Amino acid sequence: MDVPLSLTELYALLLESYGKQGWWPVLSRSNEPGFDSRGYHPGIIKVSLDDSDRWEIAVGAILTQNTAWTNVEKALYGLSEGSLETPRAVLAASAETVALAIRPSGYYNQKALRLKSFVQFYQSLKGRVPTRDELLSLSGIGPETADSMLLYAWQRPFFVIDTYTIRILKRLGYTNDCFFQKQPSKRYEDVQLYITSKLNSPQKHMQYQEFHALLVRHAKEHCGAKARCETCPLEARCRKML
DNA sequence: AACCAGGACGTGA
DNA sequence: TCACGTCATGGT
């Protein structure tokens, strides 16, 4: 283990270990076969997203800020229960009503305001794809949330950098690469450029979607705050930094 | 019973 | 610019 994994090796190894993740997880609005009793279908790739899928992904991206996805799932069902699943329903509802519905996702007062703010922008798009700067100008939408929306809701090639990504790369031994020396404020774009410059799939957004989903899967399974290295598929190639 | 989870933003130094 | 506090629920 003298040389750290290249990013393409890492991607291949994760894919081989965990299989395709098929993000973003979306709630089903139909009774199609293959969905569980709650209408949830993790791991099934929808080739073409409709408008309600896009909206749900964008909402999920806001709700999942520093929050476990299981709680986001509950909040999404809360919105559905409260008939707040459409943009115009969220627009019409009070912030208090929205907050109540999304309560399980935490930070519910902040997030309710962020959703109320975002829905106006979303409707103003009228189907157009937003730019990254437009998303960043909205209150409560930072680089990760913006990139999550662009990558998963709008299928655009923006790699998502989250705490999992940083932690995994750090532990694998990428610490010596330039981007970790930078200030935290400018680190996001540096890490993003580092990663995307080394990936070369012709279908960029698909590779970015899958890679990021695999990193999340790997972090949840083996590389959490408390690492479980015993059964880790990357154990032999990991420097276990920090 | 602390700690963690797919962040973003305001504040004071 | 940086370091830190705030926002909050639910699972382990």
Side-chain angles (χ1 to χ4, degrees), chain A residues 11 14 18 20-27 38 40 42-43 56-79 81-82 95-96 98-118 121 132-154 158-171 179-192 195 205 208-228 242:
Chain A
Y11 177 50
L14 290 173
Y18 299 108
K20 274 203 147 139
Q21 302 302 298
W23 271 26
W24 187 283
V26 162
L27 304 182
R38 299 174 308 171
Y40 194 57
E56 186 191 301
I57 291 168
V59 169
I62 291 172
L63 293 182
T64 200
Q65 291 170 354
N66 202 39
T67 299
W69 182 256
T70 50
N71 288 0
V72 177
E73 211 178 306
K74 293 184 173 96
L76 291 174
Y77 283 107
L79 288 171
E81 287 292 310
E96 290 74 20
V98 175
L100 187 60
I102 63 171
R103 194 171 182 277
S105 72
Y107 310 115
Y108 49 84
N109 289 313
Q110 279 191 352
K111 286 174 178 175
L113 293 176
R114 289 172 185 185
L115 286 180
K116 294 281 292 173
S117 150
F118 177 73
F121 171 74
R132 190 173 193 266
D133 284 339
E134 283 175 328
L135 290 170
L136 291 178
S137 74
L138 303 175
S139 78
I141 298 189
E144 184 185 338
T145 307
D147 288 337
S148 291
M149 290 183 183
L150 287 166
L151 181 61
Y152 291 104
W154 281 285
F158 292 83
F159 200 91
V160 176
I161 307 300
D162 55 15
T163 53
Y164 290 158
T165 311
I166 300 291
R167 181 195 299 150
I168 291 170
L169 291 188
K170 192 179 283 183
R171 285 188 178 154
F179 55 81
F180 281 122
Q181 327 298 6
K182 305 269 182 157
Q183 357 278 13
S185 56
K186 206 182 185 300
R187 180 151 99 182
Y188 188 99
E189 277 75 14
D190 286 340
V191 179
Q192 186 179 52
I195 292 177
H205 74 271
Y208 293 2
Q209 287 178 345
E210 195 53 41
F211 199 174
H212 174 249
L214 283 163
L215 288 169
V216 174
R217 171 75 180 273
H218 177 60
K220 285 178 174 172
E221 211 133 319
H222 295 102
C223 210
K226 180 167 296 192
R228 282 198 50 86
L242 203 74

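Everything quoted here is computed from the prediction, not taken from an experiment. A, B, ... follow the sequence lines: proteins, then strands. Residue 1 opens every chain.
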Name the pairs: protein N/O against N/O of nucleotides 8-12 of chain C, kept only if under 3.5 Å.
| unit_1 | atom_1 | unit_2 | atom_2 | d |
| --- | --- | --- | --- | --- |
| C/dA8 | OP1 | A/Y107 | O | 3.2 |
| C/dA8 | OP1 | A/Y108 | N | 3.1 |
| C/dA8 | OP1 | A/N109 | N | 2.8 |
| C/dA8 | OP1 | A/Q110 | N | 3.4 |
| C/dA8 | OP2 | A/N109 | ND2 | 3.4 |
| C/dA8 | O4' | A/Y107 | N | 2.9 |
| C/dA8 | N6 | A/Y107 | OH | 2.2 |
| C/dA8 | N1 | A/Y107 | OH | 3.0 |
| C/dT9 | OP1 | A/Y108 | OH | 3.4 |
| C/dT9 | O2 | A/N71 | ND2 | 3.0 |
| C/dG10 | O4' | A/N71 | OD1 | 3.2 |
| C/dG10 | O4' | A/N71 | ND2 | 3.1 |
| C/dG11 | OP1 | A/K74 | NZ | 2.9 |

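Contacts between residues 141-151 of chain A and DNA chain C, counted as heavy-atom distances below 4.0 Å, involve no residue at all.
Rounded to an integer number of Å, the gap from A/E221 CD to B/dA5 C1' is 16 Å. Put simply, NE2 on A/H218 is 14 Å from P on B/dA5, counting in whole angstrom units. Regarding A/L215, its CG atom lies at a distance of 15 Å from the P atom of B/dA5, rounded to whole Å. Atom CG in A/D162 sits about 14 Å away from atom C1' in B/dC4, given to the nearest Å. Per the geometry, CD1 belonging to A/I166 stands 14 Å off P belonging to B/dA5, to the nearest Å.
Contact of the A/Y208 side chain with the A/I195 side chain is not registered, since no non-hydrogen atoms from C-beta on lie closer than 4.5 Å. Residues A/M149 and A/I62 have side chains in contact (heavy-atom distance under 4.5 Å, counting atoms from C-beta outward). Contact of the A/R187 side chain with the A/I161 side chain is not registered, since no non-hydrogen atoms from C-beta on lie closer than 4.5 Å.
Taking side-chain N and O atoms only, A/R167 has a distance below 4.0 Å to OP1 or OP2 of B/dA5.
Comparing the same atom, P, in B/dA1 and in C/dC7 gives a spacing of 23 Å after rounding to whole Å. Straight-line distance between the P atoms of C/dG10 and B/dA8: roughly 22 Å, to the nearest whole Å.
Taking A/Y18 as the reference, A/H218 meet the ring pair (Phe, Tyr, Trp, His ring centres under 6.0 Å) condition, with sequence neighbours excluded. Legend: residues meeting ring pair (Phe, Tyr, Trp, His ring centres under 6.0 Å) with A/Y108, ordered by chain and number and at least two apart, are absent. Scanning for ring pair (Phe, Tyr, Trp, His ring centres under 6.0 Å) contacts around A/F158 gives an empty result, with sequence neighbours left out.
Counting non-hydrogen atoms under 4.0 angstrom, A/L138 reaches the backbone sugars and phosphates but no base.
Comparing A/T64 and A/S139 along DNA chain B, the residue whose closest nucleotide (by nearest heavy atom) sits nearer the 5' end is A/T64.
Relative orientation of the A/Y11 and A/F211 rings is tilted, given thresholds of 30° and 60° on the angle between their planes.
Of all the heavy atoms in A/V72 and A/L63, the pair that sits closest is CG2-O, 3.6 Å.
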Review item, side-chain donor-acceptor pairs of residues 136-146 of chain A, under 3.5 Å, at least two apart:
| unit_1 | atom_1 | unit_2 | atom_2 | d |
| --- | --- | --- | --- | --- |
| A/S137 | OG | A/E134 | O | 2.6 |
| A/T145 | OG1 | A/Q65 | NE2 | 2.9 |

